[in-house]
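Notes follow the structure.
Proteins get letters first, then strands, A, B, ... in listed order; numbering begins at 1 in each.
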Amino acid sequence: MKEEELRQKSFEAMMVEELKEFQIKLSKKVKLFPLEREPGLIAGCDVGYFENGLAKGAIVVMRYPEFKIIETVDSIEKITFPYIPGYLSFREAPLLLKVFQRLKNRPDLILVDGQGIAHPRKAGLAVHLGVELEIPTIGCAKKPLLKFEGELPKERGSKLPVYLTGELSGYVVRTRTGVSPLFVSPGNLITPEEAVEWVLKTAVKFRMPEPLREAHRLSMIRT
DNA sequence: GCGACAG
DNA sequence: ATCTTGTCGC
């Protein structure tokens, strides 16, 4: 391993210890309360990566249940914080929060491409955004961060609970029959069951919920 | 110590 | 995330 890489590794190890404390404090601010109202405006957000450390944060707001896009905002910027498993929010949240500031509409619910409380310290990207914005958020990841047990039936709608030290943190959810499941957990201001409910209500045609699909598509376009 | 590890 | 070929199915 090169000199520079070793130096980078030790730098990360130092930062991680402080960021871990931040995550623990953040997780204590999470409120797993039921939604206060039926979401009429649902947003999806994602970050796409390009060369030279450039990344594009994209947010798409849709009207439910028509799934009509009423607003989109995005921004391309250079991201320097590295990807460290368990610390994704420190890489993506700053950019997404900045893009959120330019949103004219205030979503009733935000779907996030990443984990919610189904995280080693209950501090996934959806938690970070949800606590910061004080808007209900759902973590909707394509891969798990926590271990789970059991066999998930192949039918759409089937789910398995995911626990962290005995506490329910989220669910593995099949949004389409025969496709790989999503890992759903609350970010803030929503219950685990409602998180699953709204992921299934918005994933009507594909594996990913419509708002997330659109945000992902937008984030991939380099303009 | 070893393996696992969102995007 | 990105790289990377063929293949299965609507």
Side-chain angles (χ1 to χ4, degrees), chain A residues 8-9 12-13 15-17 19-20 22-23 26-27 30 44-59 74-99 110-132 137-149 154 156 160 162-165 169-173 175-188 192 195-196 199 204-209 211-222:
Chain A
Q8 181 63 30
K9 286 295 180 185
E12 285 183 16
M15 295 313 296
V16 160
E17 285 310 307
L19 299 181
K20 188 174 290 183
F22 181 91
Q23 293 185 321
L26 193 66
S27 69
V30 171
C45 64
D46 195 12
V47 175
Y49 294 92
F50 303 106
E51 71 293 348
N52 304 319
L54 290 179
K56 180 177 182 182
I59 300 171
D74 58 73
S75 179
I76 294 182
E77 287 176 28
K78 191 148 189 167
I79 284 188
T80 57
F81 196 89
Y83 166 65
I84 304 174
Y87 299 86
L88 177 67
S89 74
F90 297 104
R91 179 172 167 78
E92 303 193 340
L95 172 57
L96 290 174
L97 287 171
K98 190 170 180 179
V99 177
I110 301 168
L111 294 168
V112 181
D113 195 320
Q115 313 289 352
I117 60 172
H119 174 285
R121 289 165 296 284
K122 306 180 191 177
L125 177 58
V127 168
H128 200 133
L129 296 177
V131 168
E132 202 74 44
T137 55
I138 295 175
C140 190
K142 296 180 288 298
K143 293 177 181 177
L145 204 45
L146 300 181
K147 294 304 169 187
F148 62 94
E149 297 181 345
K154 68 182 192 321
R156 165 185 158 87
L160 287 176
V162 178
Y163 300 96
L164 174 63
T165 60
S169 63
Y171 291 93
V172 179
V173 183
T175 55
R176 296 291 289 175
T177 298
V179 305
S180 53
L182 293 182
F183 301 84
V184 181
S185 62
N188 194 24
V196 171
V199 161
V204 292
K205 198 173 174 54
F206 302 96
R207 176 168 84 124
M208 298 301 287
L212 269 184
R213 257 191 114 241
E214 287 304 317
H216 183 257
R217 197 170 63 76
L218 224 193
S219 75
M220 299 279 283
I221 303 173
R222 186 209 168 90

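- Taking the side chain as every heavy atom from C-beta outward, P144(A) and V162(A) never approach each other to under 4.5 Å.
- Residue contacts shown for P144(A) are limited to sugar-phosphate atoms, with no base heavy atom under 4.0 Å away.
- Using a distance-only test at 3.5 Å, with no hydrogens or angles considered, a donor-acceptor pair links the side chain of R207(A) to the main chain of S180(A).
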task = Using the side chain to side chain contact (heavy atoms under 4.5 Å, CB included) rule, take S169(A) and K122(A) through it: C-alpha gap first, then chi angles, then the decisive distance, then the call.
result = CA-CA 8 Å; S169(A) 63; K122(A) 306 180 191 177; over 6 Å; no
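- Taking every side-chain heavy atom of K147(A) into account, dC5(B) is the closest of dT2(C), dG7(B), dC5(B).
- dG7(B) atom C1' lies 11 Å from atom CG of L96(A), rounded to whole Å.
- Y87(A) comes within 4.0 angstrom of a base, heavy atoms only.
- Following rounding to the nearest Å, M220(A) (CE) and dC3(C) (C1') show an atom-to-atom distance of 12 Å.
- No donor-acceptor distance shorter than 3.5 angstrom exists from the side chain of H128(A) to the backbone of A123(A), with no hydrogens or angles considered.
- Put simply, CE on M208(A) is 12 Å from C1' on dG7(B), counting in whole angstrom units.
- Regarding contacts with the backbone of dA6(B), a side-chain N or O of Y83(A) is found under 4.0 angstrom from either OP1 or OP2.
- For dA1(C), one of the phosphate oxygens OP1 or OP2 lies less than 4.0 angstrom from a side-chain nitrogen or oxygen of K142(A).
- Nearest heavy-atom pair, R156(A) versus T175(A), reported as atom, atom and distance to 0.1 Å: NH1-O, 2.8 Å.
- Rounding to whole angstrom units, NE2 of residue H216(A) and C1' of dA1(C) are separated by 8 Å.
- As rounded to whole Å, 14 Å separates atom C1' of dA4(B) from atom CZ of F183(A).
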task = Starting at the 5' end of DNA chain C, write a dot or bracket for each base, bracketing those in Watson-Crick or G-U wobble pairs whose two distances are under 3.5 Å and using | for partners on another strand.
result = ..........
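- Of the candidates dC5(B), dT2(C), dG7(B), dG7(B) carries the atom nearest the D113(A) side chain, counting heavy atoms from C-beta on.
- Not a single donor-acceptor pair under 3.5 Å links the side chain of K56(A) to the backbone N or O of D74(A).
- Atom CD of E92(A) and atom C1' of dA6(B) are 9 Å apart (whole Å).
- A salt bridge links D113(A) to K142(A): at least one charged side-chain nitrogen sits closer than 4.0 Å to a carboxylate oxygen.
- Atom-to-atom, CZ of F90(A) to C1' of dG7(B) comes out at 15 Å; the value is rounded to the nearest Å.
- Straight-line distance from the OH atom of Y49(A) to the P atom of dT2(C): 9 Å, rounded to whole Å.
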